[in-house]
Structure formats: structure tokens, C-alpha cells
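As a basis for the values below, the full set of heavy atoms in this structure was taken, side chains included, without hydrogen atoms, waters or symmetry mates. Counting starts at 1 for both ligands and their atoms, in listed order. Numbering starts at 1 and runs along the sequence shown.
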Amino acid sequence: MSHSPVIADHRAEFDLRAVLEAVDIVLASATRPVALHEPRLGTRERELVLDCIDTNWVSSAGKYVAHFEQMVAAATGARHAIAIINGTAALHAALLLEGVRADDEVILPSITFVATANAVSHAGAVPHFVDLTWNTLGLDPAALDIHLKEVSVRRDAGLFNKQTGRRIRAVVPVHIFGHPVDMAALLAVAEKYGLVVVEDATESLGSTWQGQACGTFGHSAVLSFNGNKIITTGGGGMILTDDGAYATRARHFTTTAKKSHAWSFDHDEVGYNYRLPNINAALGCGQMERLSAMVEAKRELAGRYLEVFDGFTNAGIYREPNGARSNYWLNTLVLDREYAGERDRLLSALHANGVHARPLWTPMHLLPMYRNCPRSRLPVAEDMYARCINLPSSPFLATDKQ
Ligand SMILES: *Cc1c(COP(=O)(O)O)cnc(C)c1O
């Protein structure tokens, strides 16, 4: 390796050049610009999509939907999987099916993709933001416990926010960048307060915590198969659950609540048209065949980032939490505390170098539409936002011959 670390003449000065060089070593001669996360489709996906076109089964019926659901259920160990049009719709439906109603509050981390908060809003409910922990980059169970002790009260009808008067119905932990939340601790807090757990596992297909797949801890969970996720169906999502009755209802509710009948068109509630078309599911079947290879490649890429940043004094790569096996969906560079102010200068330099890095999503509590939502103190969320950037993480960056 030709890497010669540049020694900063002043210890306190951020060594921008050394970071750029380290990233260049990992990305080697990958074609610039290097995107943050790109899908990769192959001959198998082409074959399955062509089969949909040739047989005319491209839409809401066809064998690939059930096949895709079975493959995801088998890979995660979830008893039931219901394919949905995208991850946001999956989360929206899952929350409604869990009994989230207009004017309820739903707890979620302030740092997540906006879809988590949007799905809560789509259900007519109000997002309630709680802080994260550096241990997992996800929702902090201890902070949640302290916060609920302070702001909530148990009544016959459930848990209520004393300050807003609204019912708090559910909590949505998000396994950010594929790193699992400490689910034992989170489930214990949820149980203590009587909250339903819906996992946002959209970024964590293939990740496990204590050997168990992300997406199988909550009463329900959602996946996403958007183009930038671990596997893609173009757009797509899934609801996972072990509860048979919930699964049956989820299938019905997301298929316009149509009663099954040979010819009659009869519906028994206001349902949603949220199911995944067969042609997208066909892509998903092809992608699922390479899920483990994809996760292996992503872990290998993470290993390379970890290696070149090992011993760095200005920044480090975020390592999977204890007890977790992460899919490392997006690799995260964490600047040391004294260099938080350097984030944007580093991002500009990376972009000038053809490396499409990005900061974390703007924390939800800073977005105009969510600024006035209830929240806990959020010191870690703000610190994380100031100091983390995501680096290109497409699985083929580890495996392609450069
Ligand atoms: C991608 C994503 C979603 C939504 O998935 P879509 O399929 O894009 O609707 C929800 N939450 C998080 C954390 C995500 O990363």
C-alpha cells in the first residue's frame, strides 16, 4: 500500500488530507464519482423479470410475491412476511394495525430517515423524539426509561403524556446503518410502560443481535427494498410478524380490505392499496439469492475501512455494537469531539474527490414540520449529527476487480 500518513505539524489541526487518503485506499480505483450505495442486479434478476413479462404476471397477482415473502421469512426467521409497496407504506400500515390512532404519540429516535416520522404522521399520530446512544447509534433504552418516568402516567386507557395529554401507543426503534439496537433493554422498557414495539428494520436486513435477526424482536417490523437498501426491488417493503392473526389482518388491510371470493368484489373496511407488484417481487427473489453474499461483501468493505482508520487520531470508523453482527449498510466515520466543526469541510473535500459521502439525516426535531413535537433532551442526537458522516458502502466496492 502506498499510504503515507501525513503528520500534522500542529496536533490540534484536523488532518483532512490523511482522511481523504485513507478513503482513497479503500475505494482504490473505483470509478468516480463513487455513490453512497448503489444496487447491483444480475442475470438472475433479468431472468425472473422477463418471466413476469413473458407470462403477463406483472401486477398484483403472480407467484413471485409469495415466493419473495417466503424467502424473507426464511432468511430472518419471522413466521409471517407481507410484501408491501415500500418501506414507508409498510410502517404506516404496521402502525395502524398496531392500534395507533389519530392524536396518539409514537416514540422514535430523532436521528432516522424522515420516513419513520412521516409514517407516524400519516397515521394521524404525533412523533415523540427520544435520544440515541453511541453504543448502538440507535434509540437509547436508558434515556427512554428516564424520559418516560418524567413525562408519562399510566391510566386505564394506556400510557399518557402528562404534558400533552395524548396517549403514547408505540415505540419504533430504528437499527440505523444496520447496527442493531440493544433489543433486550428496549423490549424491557417497552414492556414496563405497556408500549407496543414496531421495529424499523429497513436498514438492517441480514443483521443479527445475539444471533437473532433484526426485524424479529418487535410485535411487528418493517423492511425496505428501495434502490439504496441492502437488497432492492426498485421500490418495496415488507411487514414481518410472528402473530398469525396480525399477519392475516395485515394482508387484508393492505389489499384494499377485499374479501376473498371467486368473483364478487366486496370490501369490509377502508383498506389500503399497498401490496407489492409481482414484477418487483421477482427482482426481490433474485436479490434474496445473494443476500448472504451481499452481507459478507459489506462486512468485508467495513473491515477495510476499519483497518485503514485503525489508530487514526482525528476520526474512526463506527464498529458494530457488542453482541451484534451488522450488515454495515452504511459505513460511518465519526470525527473526534474536537473536530465536530470540520464535518462540512471534510464533506466538501470528499465530494471534490468524487466520493459521495454525506452527513447524517438532519435530526427530526430540527425539521420545520417536526420542530414542535414532544421530545426528550437530545444531546447525543445533536452530537452524533455534528460528528458523523457516511462513506460509500456499495457491496461491490469490496468484491469488484479494480
Ligand atoms: C429507507 C427507510 C425507510 C423507508 O423506506 P422506503 O422504502 O424508502 O419507503 C424508513 N425508515 C428508514 C430508517 C429508512 O432508511
Side-chain angles (χ1 to χ4, degrees), residues 35-39 68-69 72 81-96 98 100 106-123 125 127 129-130 132 136-139 170-181 183 186 197-207 214-215 217-218 220-240 254 272-277 280-281 283-284 287 298 326-332 358-365 367 370 381 384-385 388 390 393-394:
L36 193 66
H37 203 288
E38 277 185 83
F68 182 40
E69 291 174 342
V72 173
I82 301 100
I84 304 289
I85 191 74
N86 60 52
T88 312
L91 198 48
H92 177 210
L95 290 169
L96 292 173
E98 296 288 8
V100 170
V106 174
I107 302 226
L108 62 147
S110 179
I111 290 185
T112 180
F113 177 52
V114 71
T116 319
N118 286 348
V120 171
S121 298
H122 297 163
F129 304 116
V130 169
L132 301 92
T136 65
L137 298 185
L139 202 57
V171 54
V172 183
V174 187
H175 308 295
I176 286 165
F177 311 139
H179 301 306
V181 166
M183 285 310 291
L186 194 276
V197 177
V198 180
E199 282 174 86
D200 183 334
T202 47
E203 302 176 3
S204 58
L205 178 62
S207 296
C214 286
F217 292 94
S220 58
V222 302
L223 301 175
S224 165
F225 311 113
N226 190 31
N228 60 349
K229 294 302 196 317
I230 320 304
I231 66 158
T232 187
T233 57
M238 207 164 275
I239 297 176
L240 304 179
T254 56
Y272 286 81
N273 178 17
Y274 271 1
R275 296 306 304 283
L276 187 72
N280 298 84
L283 275 176
Q287 291 270 286
K298 289 176 70 59
S326 175
N327 67 18
Y328 281 96
W329 174 54
L330 289 184
N331 286 284
T332 307
R358 66 158 202 220
L360 298 196
W361 309 281
T362 300
M364 299 300 105
H365 69 282
L367 298 177
Y370 295 129
M384 225 178 247
Y385 177 55
C388 291
N390 291 131
S393 300
S394 303

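Close approach of ligand 1 to G236 is summarised as follows: ligand atoms under 4.0 Å from at least one heavy atom of the residue are 7 (O). Residue A115 approaches ligand 1 through these ligand atoms, each under 4.0 Å from one of its heavy atoms: 3 (C), 4 (C), 10 (C). For ligand 1, the atoms sitting less than 4.0 Å from at least one non-hydrogen atom of E203 are 12 (C), 13 (C), 14 (C), 15 (O), numbered in the order shown with element in parentheses. Applying the 4.0 Å criterion to heavy atoms of V174 picks out, from ligand 1, the atoms 13 (C). The ligand atoms of ligand 1 that sit less than 4.0 angstrom from a heavy atom of T116 are 11 (N), 13 (C). Near T88, the atoms of ligand 1 lying under 4.0 angstrom from a non-hydrogen atom of the residue are 4 (C), 5 (O), 6 (P), 9 (O). Each of the atoms 13 (C) of ligand 1 lies under 4.0 Å from some heavy atom of T112. If you number the atoms of ligand 1 from 1 as listed, the ones under 4.0 Å from a heavy atom of D200 come out as 10 (C), 11 (N), 12 (C), 13 (C).
Regarding atom 2 (C) of ligand 1, its nearest protein heavy-atom neighbour is K229 NZ, 2.9 Å. The closest protein non-hydrogen atom to atom 14 (C) of ligand 1 is T202 OG1, 3.1 Å.
Among I107, D200, V197, the single residue meeting the side-chain contact (heavy atoms from CB on, under 4.5 Å) criterion with P173 is V197.
Between F68 and T233, some side-chain heavy-atom pair lies under the 4.5 Å cut-off. With a 4.5 Å cut-off on side-chain heavy atoms, N280 and F225 do not count as touching. In this structure, the side chains of S207 and H179 stay at 4.5 Å or more apart for every pair of heavy atoms. At a threshold of 4.5 Å between non-hydrogen side-chain atoms, the residues I82 and Y274 do not count as touching. A 4.5 Å side-chain heavy-atom check between M238 and L205 finds every atom pair outside the cut-off.
In this pair, W361 and F113 present their aromatic rings tilted. The plane angle is within the 30 to 60° band. Ring orientation note: the planes of H92 and H122 are nearly perpendicular, at an angle over 60° on the 30°/60° scale.
Ligand 1 has no N or O atom lying under 3.5 Å from any N or O atom of F113, backbone or side chain. Between S224 and ligand 1, at least one pair of N/O atoms sits closer than 3.5 Å.
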